[in-house]
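Take a look at the structure below.
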Amino acid sequence: MTVENFFKDIERMQLLFKKLLPREKKIVKYRWGFSFFPKYNLPETGKKLGVSRERIRQIEQRIIKKLNSSLELMKNGERTWQDIVNSLI
């Protein structure tokens, strides 16, 4: 990955994150370890946010759908939001 692509990916992630609700952003940070947070599993994330692991899983699925549909609008070739996330962590 070039430095230019790295910064483009960061910019894309910022645009995608603007589409998320505050609670959704926290879940992404906890589950995928963004913003220097350690990665937490479903039960740990649920405990931190005061909801069940199942509720976290449901919200996570909604987040994935939201990010995928937003990324489709960006038309970033064959890359998915998961590819971009993995390139940043």
(message) Here's one to test your reading of the geometry: is the NZ or CZ of Lys48 within 45 degrees of the ring axis of Tyr30 and under 6.0 Å from its centre?
(response)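 The answer is yes, since Lys48 meets both limits relative to Tyr30.
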(message) Between Glu44 (side chain only) and Asn41 (backbone N and O only), is there a donor and an acceptor less than 3.5 Å apart?
(response) yes
(request) Spell out, as yes or no, whether a donor-acceptor pair under 3.5 Å connects the side chain of Arg31 to the backbone of Tyr40. (result) yes
(message) For a 4.5 angstrom cut-off between non-hydrogen side-chain atoms, does Lys66 reach Leu21?
(response)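 Result yes, sub-4.5 Å side-chain heavy-atom pair found.
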(message) Less than 4.5 Å apart, side chain to side chain, heavy atoms only: is that true for Val51 and Arg23?
(response)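 In contact.
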Rounded at 0.5 Å granularity, tell me how far [atom1] in [X] sits from [atom2] in [Y].
X     : Y     : atom1 : atom2 : result
Glu60 : Arg53 : CD    : CZ    : 10.5 Å
Ile27 : Ile59 : CD1   : CD1   : 4.0 Å
Lys25 : Leu20 : NZ    : CG    : 6.5 Å

(message) For Arg62 versus Glu24, what's the shortest heavy-atom pair and its separation?
(response) NE-OE2, 3.0 Å
(request) Grab the two heavy atoms, one from Leu49 and one from Lys26, that are nearest each other, plus how far apart they are. (result) CD2-CD, 4.0 Å
